[in-house]
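All heavy atoms count here, side chains included; hydrogens, waters and symmetry mates do not. Start at 1 with the first residue, then count along the sequence. Values in this document were obtained by computation on a predicted structure and should not be read as measured data.
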Amino acid sequence: MPQLDFAQWPGQIAWAIIIFAALYLVFWRLILPRLGGAIDAREDRIAGEIGEARRLRDDARAQAEAAAQEMGKARARARKIAEDAAEEVKAKAAAARADADARFSAQLAEADARIAAARHRAMGEVRAIAAGAAEAIVVRLTGVPADGATIASALPAEA
């Protein structure tokens, strides 16, 4: 085996150095720059995609904040509309209540006037009934008819 023959080692070492140097030059000048370029291109593409992802994330956050603000505004408008509607309903209810109170007050005043008139008529009739009853009592007790003027003077005056 020639590898074990020490006499051939210097030639083998020289060829190993030449092959190593040639391979080193090929790798240094051709392969490593291409590998480095591919790695740099990949790093640039990854950095660009990360930058684009960050930009898209920031845009999405801005849109989410804008949507949240719009939702807040919409909720405020809805709350305002509901409050206005409630106030309108309260105002209509108050007006209806005031109208009903006015009608009931008018009916109550009319009823009070009818009651007062009925009381006045009843009191007039009570005086006549009291005069008749007094005359009947006098006739029954004394057997003599009573004088109407005497009975009228004995009754209290009309109020």
**Study point:** Which residues share a salt bridge (Lys or Arg N to Asp or Glu O under 4.0 Å) with Glu70, sequence neighbours left out
**Key:** none
Side chains of residues 99-118: which donor-acceptor pairs under 3.5 Å do they make with residues two or more places apart or in other chains?
from   : atom 1 : to     : atom 2 : distance (Å)
Asp99  : OD2    : Arg103 : NH1    : 3.0
Ser105 : OG     : Asp101 : O      : 2.8
Glu110 : OE2    : Arg114 : NH1    : 2.8

Practice item. May I ask you to decide whether Glu65 forms a salt bridge with Arg61, counting only side-chain N to carboxylate O separations under 4.0 Å? Key: no
**Study point:** Lys80 and Glu83 ion-paired at < 4.0 Å
**Key:** no
Review point. Which heavy atom of Val138 sits nearest a heavy atom of Thr142, and at what distance?
Key: O-OG1, 2.5 Å
Exercise for review: Output the distance between atom NZ (Lys73) and atom CD (Gln69), rounded to the nearest 0.5 Å.
Suggested key: 6.0 Å
Check your understanding: Sequence neighbours excluded, which residues qualify as salt bridge (Lys or Arg N to Asp or Glu O under 4.0 Å) partners of Glu49?
Key -> Arg45
Practice item. Hey, could you give me the CG/CG distance between Leu35 and Asp40, rounded to the nearest 0.5 Å? Key: 10.5 Å
Exercise for review: Measure the spacing between CE of Met123 and CD1 of Ile129 and express it to the nearest 0.5 Å.
Suggested key: 11.0 Å
Practice item. First locate atom CD of Gln12, then atom CD1 of Ile17, and finally report the distance between them rounded to the nearest 0.5 Å. Key: 12.5 Å
Practice item. Treating Ile, Leu, Val, Met, Phe, Trp and Tyr as nodes and any side-chain heavy-atom pair under 4.5 angstrom as an edge, say whether Leu30 and Phe27 lie in one connected cluster. Key: yes
**Study point:** Rounded distance (nearest 0.5 Å) linking atom CD of Glu52 with atom CZ of Arg57
**Key:** 12.5 Å
Practice item. Answer yes or no: is there an ion pair linking Asp59 with Arg55, defined by an N-O contact shorter than 4.0 Å? Key: yes
Study note, to complete from the structure: Value for CD1 (Ile50) from CD (Glu43), rounded to nearest 0.5 Å, stands at 10.5 Å
